[in-house]
Amino acid sequence: MYSFMGGGLFCAMVGNILLVVSTATDYWMQYRLSGSFAHQGLWRYCMSGKCYMQTDSIAYWNATRAFMILSGMSCFAGIITGILSFAHFSTFERFNRSFAAGIMFFISTLFVLLAMAIYTGVTVNFLGKRFGDWRFSWSYILGWVALLMTFFAGIFYMCAYRMHECRRGGGPTR
């Protein structure tokens, strides 16, 4: 049980770091504009070595930003709950912290999936046609890796919960 929780905690911490780095950096997309290379993130775009804030309030950027921030917050809450699940005391008999941590990691996975799907859909269908020579970059890829890490953190904590329930003798009723 503790091995699953430790593995889940490791995946969650790596996933949360990747979420923060992915959200904060400016390399979601790279493209060629007027003969020079440019890149953009969720907050800034950079051309010819100068970076500018994304001042346009475009719905897909705002949605992607919001879902990435919510994902990072729910992953952080899951990490705190996961750390607390190592403690044996509980004020509620029916409340299991490893189950709650697993749910928080799955919620984080859902939020990052929504963010990545929105950004991918709009980029491929709109910006991809606007810029001929473009590609997704490493910040975007880190977002997808963070999705996998938070998903596996949820799996590990659900396995820990399942092992805990089986050991207590309160296995699933049929």
Side-chain angles (χ1 to χ4, degrees), residues 4-83 100-159:
F4 282 123
M5 288 170 39
L9 202 54
F10 174 77
C11 287
M13 287 181 181
V14 170
N16 205 14
I17 290 168
L18 293 178
L19 282 169
V20 169
V21 170
S22 175
T23 303
T25 53
D26 301 327
Y27 285 88
W28 280 62
M29 179 181 168
Q30 292 179 323
Y31 50 93
R32 185 182 293 268
L33 187 65
S34 302
S36 66
F37 286 104
H39 56 89
Q40 72 178 25
L42 299 178
W43 310 99
R44 300 186 318 168
Y45 64 95
C46 302
M47 299 182 329
S48 304
K50 293 183 180 178
C51 294
Y52 309 95
M53 293 299 294
Q54 301 266 22
T55 57
D56 299 333
S57 181
I58 299 174
Y60 90 95
W61 272 330
N62 291 339
T64 304
R65 291 172 187 158
F67 283 130
M68 289 297 283
I69 290 169
L70 287 171
S71 177
M73 290 170 49
S74 60
C75 186
F76 184 74
I79 289 171
I80 298 300
T81 308
I83 290 170
I103 293 298
M104 292 305 294
F105 295 135
F106 286 138
I107 290 171
S108 177
T109 301
L110 175 66
F111 284 146
V112 75
L113 177 65
L114 289 171
M116 300 306 288
I118 290 168
Y119 188 85
T120 303
V122 172
T123 300
V124 169
N125 291 319
F126 176 68
L127 293 177
K129 294 175 182 173
R130 183 174 157 201
F131 304 112
D133 184 18
W134 69 277
R135 66 185 173 108
F136 291 115
S137 193
W138 60 269
S139 297
Y140 173 81
I141 294 167
L142 287 182
W144 284 108
V145 175
L147 179 135
L148 292 173
M149 296 304 281
T150 57
F151 178 74
F152 284 120
I155 294 290
F156 281 135
Y157 267 93
M158 287 301 169
C159 289

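Atoms CD1 and OG1, from Ile58 and Thr64 in turn, are 11.0 Å apart once rounded to the nearest 0.5 Å. The distance from the CE atom of Met73 to the CD1 atom of Ile107 is 12.0 Å, given to the nearest 0.5 Å. Summarising the geometry, atom CG belonging to Leu147 is positioned 11.0 Å from atom CG belonging to Leu18; distances are rounded to the nearest 0.5 Å. Here the CZ-CZ distance, from Phe111 to Phe106, works out to 15.0 Å after rounding to the nearest 0.5 Å. Separation of atoms CD1 (Ile69) and CG (Leu19) is listed at 11.0 Å; rounding is to 0.5 Å. Within the model, atoms OG of Ser139 and CE of Met29 stand 13.0 Å from one another, a figure rounded to the nearest 0.5 Å.
Without hydrogens or angle criteria, Ser71 side chain to Phe67 main chain gives no donor-acceptor distance under 3.5 Å. With hydrogens and angles ignored, the 3.5 Å screen pairs no side-chain donor or acceptor of Ser108 with any backbone N or O of Met104. Without hydrogens or angle criteria, Thr123 side chain to Thr120 main chain gives no donor-acceptor distance under 3.5 Å. No donor-acceptor pair under 3.5 Å is formed between the side chain of Thr23 and the backbone N or O of Val20. The closest donor-acceptor contact from the side chain of Gln30 to the backbone of Trp138 lies at 3.5 Å or more, if one exists at all.
In this structure, Phe76 places its CZ atom where only 12 or fewer heavy-atom neighbours from other residues, nucleotides or ligands lie under 6.0 Å away.
Nearest approach of Ala146 to Gly15, heavy atoms of both residues: CB-O, 3.7 Å. Between Gln54 and Arg44 the shortest heavy-atom distance is CG-N, 3.5 Å. Of all heavy-atom pairs between Phe152 and Cys11, the closest is CB-SG, 4.3 Å. Scanning both residues, Phe37 and Arg32, for their nearest heavy atoms gives CZ-NH2, 2.8 Å.
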Stepwise side-chain contact (heavy atoms from CB on, under 4.5 Å) check, Gln40 with Asp26:
CA-CA 5 Å; Gln40 72 178 25; Asp26 301 327; over 6 Å; no

Let's go through Trp43 and Tyr45 carefully: what are the C-alpha distance in whole Å and the side-chain angles of both, what is the deciding distance for ring pair (Phe, Tyr, Trp, His ring centres under 6.0 Å) to 0.1 Å, and is it a yes or a no?
CA-CA 7 Å; Trp43 310 99; Tyr45 64 95; over 10 Å; no

Using the side-chain contact (heavy atoms from CB on, under 4.5 Å) rule, take Trp61 and Ile118 through it: C-alpha gap first, then chi angles, then the decisive distance, then the call.
CA-CA 9 Å; Trp61 272 330; Ile118 290 168; over 6 Å; no

Could you please spell out the steps behind the side-chain contact (heavy atoms from CB on, under 4.5 Å) verdict for Tyr157 and Met5?
CA-CA 6 Å; Tyr157 267 93; Met5 288 170 39; 3.8 Å; yes

Would Leu42 and Tyr119 satisfy side-chain contact (heavy atoms from CB on, under 4.5 Å), going step by step from the backbone distance to the final call?
CA-CA 10 Å; Leu42 299 178; Tyr119 188 85; 4.2 Å; yes

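When Tyr140, Trp28, Trp144, Tyr27 are each tested for a side-chain contact (heavy atoms from CB on, under 4.5 Å) with Ser22, only one passes: Trp28.
Between Phe136 and Val124 the shortest side-chain heavy-atom distance falls below 4.5 Å.
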